[in-house]
Amino acid sequence: MASGYDPKEIEKKWQEVWAATKLYATTDDSNKPKTYVLDMFPYPSGEGLHVGHPKGYIATDVYARHMRMRGHSVLHPMGWDAFGLPAENFAIKTKIHPRVAVEKNIARFKEQLAGIGFDYDWSREINTTDPAYYTWTQWIFLQMFKKGLAFQSNEPINWCPSCMTGLANEDLDGTVCERCGTEVEKKSLPQWVLKITAYADRMLADLDSLRWPEHIKEAQRNWIGRSEGAHIEFSIAGSDKKIKVFTTRPDTLFGATYMVLAPEHALVKELPISNRADVDAYVASASAKSEIERTDAGKDKTGVELKGVKAMNPANKEEIPVYVADYVLGGYGTGAIMAVPAHDERDYEFAKKFNIPIVQVIEPKFFGSKEVIEKKFGTTRGDEVRPDMEFVRREAVCAVVRNPKDDTYLCVSWKSNHMNGLVTGGIEAGEDIVEAARREVAEETGYKNLKFVRTSPVAINTFFYHRVKKQNRWAHFTFVFFDLENDECQAIDEQETALHEIVWKKKEELKSFFTVFEGDFVVDLLNDREYVHTGPGMLSNSGTFNRLDSEEAKKKITELVGGVLTTTYKLKDWVFSRQRYWGEPIPIIHCEKCGAVGVPEKDLPVLLPEVTSYEPSGTGESPLATIAEWVNTTCPECNGPAKRETNTMPQWAGSSWYYLRFIDPQNSEALVAKDKEKFWAPVDVYVGGDHAVRHLIYARFWHKFLYDIGSVSTIEPFARLEFLGFILAEDGRKMSKRHGNIIDPQTVVAEYGADTFRVYEMFMGPFENTVAWSTTSIVGTKRFIKRVWKAAELVQDAPATDLDTPLHQTIKKVGDDIETFKFNTAVSQMMIFLNELEKSGSIGKEQWQSFLQLLAPFAPHVTEELWARLGNASSVHLSQWPQFDEKKILASVVEVAVQVNGKVRGSVLLHPDATEAQALSAARADTNVAKWLSGGSEKKAVYVKGRIVSFVVEQS
RNA sequence: GGGCGAGUGGCGGAAUUGGUAUACGCACAUGGCUUAGGACCAUGCACCGCAAGGUUUGGGAGUUCGAGUCUCCCCUCGCCCACCA
């Protein structure tokens, strides 16, 4: 009889054994395949860990243990991202040195982690605030400085008046500081900036090679925000000044009917404006407005015309007005736009409000090639464009007739070829468009009392093959909207009646009803009275460019007006200085004679000096600036008097390369030794969530730089990324001190044991899902572990043959599921196996060992104990992962459901290799199936091997 | 407004990718064992129905012998980005 399951005792015992035997020491053993598994390392906050933090750590632990059992050399390290504002703000409040607070927090974190039973090799622990670590952070900065990728700038930056430091765009939450929520200001300070934009295209392109969740890749793309377009200059009448704009749509230039300058734009001050007072007032009110108000996309457009100023549209040489408006942002593109109200919703809204002309220059184009039609309808209908035929262009009209009584639309359905559409027809020479539409409606449908509502400003071009006229047609459709006044009908020509029938359809039925391929567009048009066509198309009202495709026109029109095709990014260069104490000193010395000089590499690290006060000066200088003996130094180049750079690096610096240091944490010669880097890099699986987008951008940027200077051998740092879903408190809110709903993992481990805790976190739901903690549900996994404990009593020498199939299915599923991070179903499969085991009543020793091995990555302590009790001398965690036998996965008999007319009427037991004939006859022999078959004549019978038998019976 | 994703029992969630929907677990119910139990064991548990049977994966249509899964329309929710020219 085994004694009762006591997690406290066995967990402590094995953790001590593992530590004493250095069971998890990482070996750089290049004879084995390698796996590098990494969590986003934590910031050791004063709050300690809550049960949400270890979820990712458990996942990587399971994955790492499993890969080790599969014979891999495994690197699974842990460390601390310990620079940053919270520790510093705490220091300001308490006068305790941030280093002291950080050490204390780390000790607490380690204590909390210790009880969970991770397989970290603590000899590789790193800490970003350790001089032996940050010397290499500074070294990387120096290499960037040498390559001109780190440079000084005086441009106005975001300044948080509360944190008293400059911030990168990425540190903002909209327009407020993401740490303290204070509205940021613009401030001009000398800043260090990293040229991350130089890597934008590579960061974009190399995403394709990564095994990352699509939504994270998409977030990276959005963050980089590449857009291709052109810079175009507009001259100003009576001035030599020019307005330079960036546009992604140079093809719409002929439709640019006004221009807008951002309130911050330099020209607003410089131009000879006759209503100066109004303009200045507007600019002042725009800058006074909180940026949240200003950038709220939903709000009404505001702006003021610059009177006395006219710009010239370089395409059609027309004079157009210039406005200042805050819907144009100073920080993007050139801070000025050409406005094309016909093809941009924001410009449209503004133009409507200020009565500015709207000129359509792009007409939607629907080209009915064979491919397009096949893709949309899955089949061709004979109206596809004939590739070798000329097009005959016709002016045409499309009548949109609404019956206001029941809100339905008049449609016609052609009998001969199943075409469903609206009433359309050609416009006769000299005929008015609206008259033509009325005539077509009357001829085709008989309705004659129509109230004209509007014509759509947007015309479209449809290219198709006219089956009756046997020619390629290019129909230029204008839309005319009517309301039906009454049902009065005139007689329709019999010929017409024979061709088609009339149907009234509700708006929401139209999309599926239409079989003309411009149908979707027509529905959009009637859904949206203010429809603005922002897509591609065919040019109109554009002089010699008319009828050109918009894509081609982009280049040609840019050339015409002397513009330059160019690419811009949302991503801005990275403002890299912080005016704070607790960060890596930027290793630069300012000399009056030599300028900014890099600290020689032999003098690294530039140690963070001791200070008496951690307060930022508030003048834009860091606390370091107050330490004269540290600041004053000599220039490494001319030996003259010089001053140290007093700004520090942002918290992101240390985390941008830490994954490399784990590979070779003690190296004092290089940030990582080449051979070790070659062996371990890249990170095979990287796990995290939350602020991942920015961290990933920065780390990828640094990594690519390190690749360029030969420090690393891979172009990307993280080959595979798994996104972590968070754990919420039981009340569904985030766990926080403020809500008082934090659950400490130590409490849970003390009450349920580490193995239960680990299995529960993996079983809670899909790994990427956000799930609320549940103190009631965790007992389920506790029961499971206890039942495993008890099942050890069922072990016998002889294998239980009835467990062969479930065991081998479980081996396969658990292995596959760990590989794909589907831990919840891996656990559930092991529960299923345990149920089978208990039902069977006995299990062979070998089978039991295999099961323990499968469970070992999830519940390392209890499995180690039971493994040892079987007489194994070495650890289960170093044992070899069990192999499944394909043959044993297949059961010797399978239960196959039998359907009659789609309903399950019985099931039959079949050999997996049974033939269709055998399956069908067995199915027919089932009494209940026979009953349902006897009601009629059998039309069809299907057998899908091992799955299903399906009969179709026609009732007689 | 844009992008991405998701809607399955009272709850967390499964479903070999088009093949018996609701696995596994929680909660709940009944019974057992117990001095006791927030321990353990057994049974039941999508819905309607005494049953035969019928209905059910947000709603509606379609393709198919067969749809949670594929196609179209509509509704709801979540996340990220948001006047990016």
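Chain letters run A, B, ... following the sequence lines, proteins first, then strands; residues in each count from 1.
Along RNA chain B, the nucleotide nearest A:Gly333 and the nucleotide nearest A:Lys790 are compared for position; the residue whose nucleotide lies closer to the 5' end is A:Lys790. Remark on RNA chain B: of its neighbouring residues A:Thr247 and A:Gly765, the 5'-side contact belongs to A:Gly765, judged by nearest-heavy-atom nucleotide.
When distances are taken from the side chain of A:Asn824 to each of B:rG19, B:rA85, B:rA14, the shortest belongs to B:rA14. Taking every side-chain heavy atom of A:His215 into account, B:rC4 is the closest of B:rC4, B:rA85, B:rU20. With B:rC26, B:rC24, B:rA85 as the choices, the nucleotide that has an atom nearest any side-chain atom of A:Ser828 turns out to be B:rC24. When distances are taken from the side chain of A:Arg905 to each of B:rA39, B:rC84, B:rG53, the shortest belongs to B:rG53. Side chain of A:Val904, nearest nucleotide from B:rG12, B:rC84, B:rU20: B:rU20. Of the listed nucleotides (B:rC65, B:rC84, B:rC41), B:rC41 has the atom at the smallest distance from the side chain of A:Arg787. With B:rA85, B:rC65, B:rA14 as the choices, the nucleotide that has an atom nearest any side-chain atom of A:Pro766 turns out to be B:rA14. Taking the side chain of A:Asn769 as heavy atoms from C-beta on, and the options B:rA23, B:rC83, B:rG13, the nearest nucleotide is B:rG13.
At whole-Å resolution of the value, CD1 in A:Ile785 and C1' in B:rC40 are 17 Å apart. Computed from coordinates, the A:Asn835 CG to B:rA42 C1' distance equals 14 Å when rounded to whole Å. Counting to the nearest Å, the P atom of B:rG5 and the CD atom of A:Glu768 are 13 Å from each other. Rounded to whole angstrom, the span from the CG atom of A:Leu724 across to the C1' atom of B:rC79 amounts to 15 Å. Between the CD1 atom of A:Ile224 and the C1' atom of B:rC81 there is a distance of 14 Å, given to the nearest Å. Computed from coordinates, the A:Gln899 CD to B:rC65 C1' distance equals 8 Å when rounded to whole Å. Rounded to an integer number of Å, the gap from A:Trp223 CH2 to B:rC84 P is 16 Å.
The six-membered or imidazole ring of A:Phe354 lies away from that of A:Tyr258, with a centre-to-centre distance of 6.0 Å or more.
A:Asp926 places no side-chain N or O within 3.5 Å of a backbone atom of A:Gly906 that could act as its donor or acceptor partner.
With its glycosidic angle more than 90° from 0, B:rG60 is assigned anti. B:rU17 has its base syn relative to the sugar, with a glycosidic angle deviating from 0 by at most 90°.
Scanning atom types as modelled, one donor and one acceptor separated by under 3.5 angstrom connect the side chain of A:Ser950 and the base of B:rC65. For B:rC40, its base never sits under 3.5 Å from the side chain of A:Lys786 at any donor and acceptor pair. Judged by distance alone, with hydrogens and angles left aside, A:Arg947 brings a side-chain donor or acceptor within reach of the base of B:rU16, the pair sitting under 3.5 Å.
At a threshold of 4.0 angstrom between heavy atoms, the contacts of A:Val771 are confined to the sugar-phosphate backbone, with no base atom among them. A:Gln809 comes within 4.0 angstrom of nothing in the nucleic acid, heavy atoms only.
Between A:Tyr332 and A:Phe246, the angle of the ring planes goes over 60°, which puts this pair in the perpendicular group of the 30/60° scheme.
The cationic group of A:Lys55 lies under 6.0 Å from the six-membered ring centre of A:Phe767 and within 45° of the ring axis, placing it in a cation-pi geometry. Both cation-pi conditions hold for A:Lys301 and A:Tyr327: the charged atom is under 6.0 angstrom from the six-membered ring centre and inside a 45 degree cone around its axis.
Checking the phosphate oxygens (OP1, OP2) of B:rU55, a side-chain nitrogen or oxygen of A:Lys903 falls inside 4.0 Å.
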- [ ] List the steps and the verdict of ring pair (Phe, Tyr, Trp, His ring centres under 6.0 Å) for A:Phe726 and A:Trp773.
- [x] CA-CA 10 Å; A:Phe726 300 103; A:Trp773 182 263; over 10 Å; no
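Within the shown strands, B:rG12 is the pairing partner of B:rC24 under the Watson-Crick or G-U definition, both distances less than 3.5 Å.
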